[in-house]
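Quick notes on the structure that follows.
As the structure lists them, so they are numbered: ligands from 1, and atoms in each ligand from 1. Predicted model only: the values in this text are computed from it and were never measured.
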Amino acid sequence: MTKLLGIYGSPRKGGNSDILLDKIISGAKETGAEVKCIYVRDLRIGGCLECGGCDKTGICIIDDAMQDVYQLLQDADVIILTAPVFFYGLPSQTKALVDRAQAMWNKRILEKSGNALKTYDSGRGYIISIGATKGQNLFEGIELTAKYFYDALDMEYKGGLFFKKIEEKKAILKHEDAIKEAFTFGKRIAG
Ligand SMILES: Cc1cc2nc3c(=O)[nH]c(=O)nc-3n(C[C@H](O)[C@H](O)[C@H](O)COP(=O)(O)O)c2cc1C
């Protein structure tokens, strides 16, 4: 059974990315996947201090909500991160979670070397993102951040879903195709 972790990365409760991830999870549950969720806005996760505490151990020394998140990240076979575009990047609360994956990056390079670093043995990662405008490069920053987040987790980045011109809180609900696509996506990736 696939162990799926959904990371709700928007500070806006019940907003567009929440709605999409809810749908994806409904689809995934139809396949029998075991689903766990993280609501980043409800957690107190401080930014990486670049203290070097994890350099030789792969373990972060900051005692906050991230300590439980590390375990969830490690246990998952599939991770789906959802977030709106904020100034071409992730919302700062969610970026703090991503930056704290530096400890997992150190763990990875302590445990693996050479060619082994070219393979991903811990599963697959996806990103779902939404932005208000229609710029050609709207998701470039977020996608690169997601790719290297999953790299740190020893997971292969497998792409995702991206929706432009969505701004108001529940605007995505007017886009029936997007909602259907999210449900189908959940079914497909959890299988
Ligand atoms: C602080 C902030 C920064 C934003 N920056 C961008 C941006 O750079 N580009 C863009 O297209 N939309 C931007 N937006 C709009 C959101 O991405 C958009 O409203 C999105 O639908 C919100 O999704 P949510 O309901 O899941 O939070 C920004 C919104 C906020 C509040």
Considering the options K118, R124, R108, which one meets the salt bridge (Lys or Arg N to Asp or Glu O under 4.0 Å) requirement together with D154? R108
G131 N/O to ligand 1 N/O under 3.5 Å: no
Does any N/O atom on D18 come nearer than 3.5 Å to any N/O atom on ligand 1? no
Taking the side chain as every heavy atom from C-beta outward, state whether D42 and K13 have any atom pair closer than 4.5 Å. no
Please list, in number order, the atoms of ligand 1 under 4.0 Å from a heavy atom of [X].
X: I130; result: 17 (O), 21 (O)
X: F87; result: 3 (C), 4 (C), 5 (N), 6 (C), 7 (C), 8 (O)
X: I166; result: 18 (C), 19 (O), 20 (C), 21 (O)

Nearest heavy atom to atom 2 (C) of ligand 1: which of F86, Y88, Y8 does it belong to? F86
Heavy-atom proximity to atom 10 (C) of ligand 1, picking from G9, A132, G141, points to A132
Indicate every side-chain donor-acceptor pair of residues 80-94 with a distance under 3.5 Å to a residue at least two apart or in another chain.
unit_1 : atom_1 : unit_2 : atom_2 : d
T82    : OG1    : I7     : O      : 3.2
T94    : OG1    : G9     : O      : 2.7

Once salt bridge (Lys or Arg N to Asp or Glu O under 4.0 Å) is applied, do any residues pair with D121, and if so which ones, sequence neighbours excluded? K112
Is the backbone of G46 close enough, under 3.5 Å, to the side chain of R100 for a donor and an acceptor to pair up by distance? yes
Give the residue, atom name and distance (to 0.1 Å) of the protein heavy atom nearest [atom].
atom: atom 26 (O) of ligand 1; value: S17 OG, 2.5 Å
atom: atom 23 (O) of ligand 1; value: P84 CB, 3.3 Å
atom: atom 19 (O) of ligand 1; value: E167 O, 3.0 Å
atom: atom 17 (O) of ligand 1; value: V85 O, 2.8 Å

Between the side chains of D63 and Q67, is a donor N or O closer than 3.5 angstrom to an acceptor N or O? no
Before giving the answer on salt bridge (charged side-chain N to carboxylate O under 4.0 Å, His left out), spell out for K147 and D151 the whole-Å C-alpha distance, their side-chain angles and the decisive distance to 0.1 Å. CA-CA 6 Å; K147 183 173 177 211; D151 187 76; over 6 Å; no
Measure [X] to ligand 1 on non-hydrogen atoms and call it side chain, backbone, both or neither using the 4.0 Å cut-off.
X: L138; result: side chain
X: S10; result: side chain
X: R12; result: side chain

Flag the pair F185 / Y126 as yes when their ring centroid distance falls below 6.0 Å, and as no otherwise. yes
From D177 atom CG to I172 atom CD1, the distance as rounded to the nearest 0.5 Å: 10.0 Å
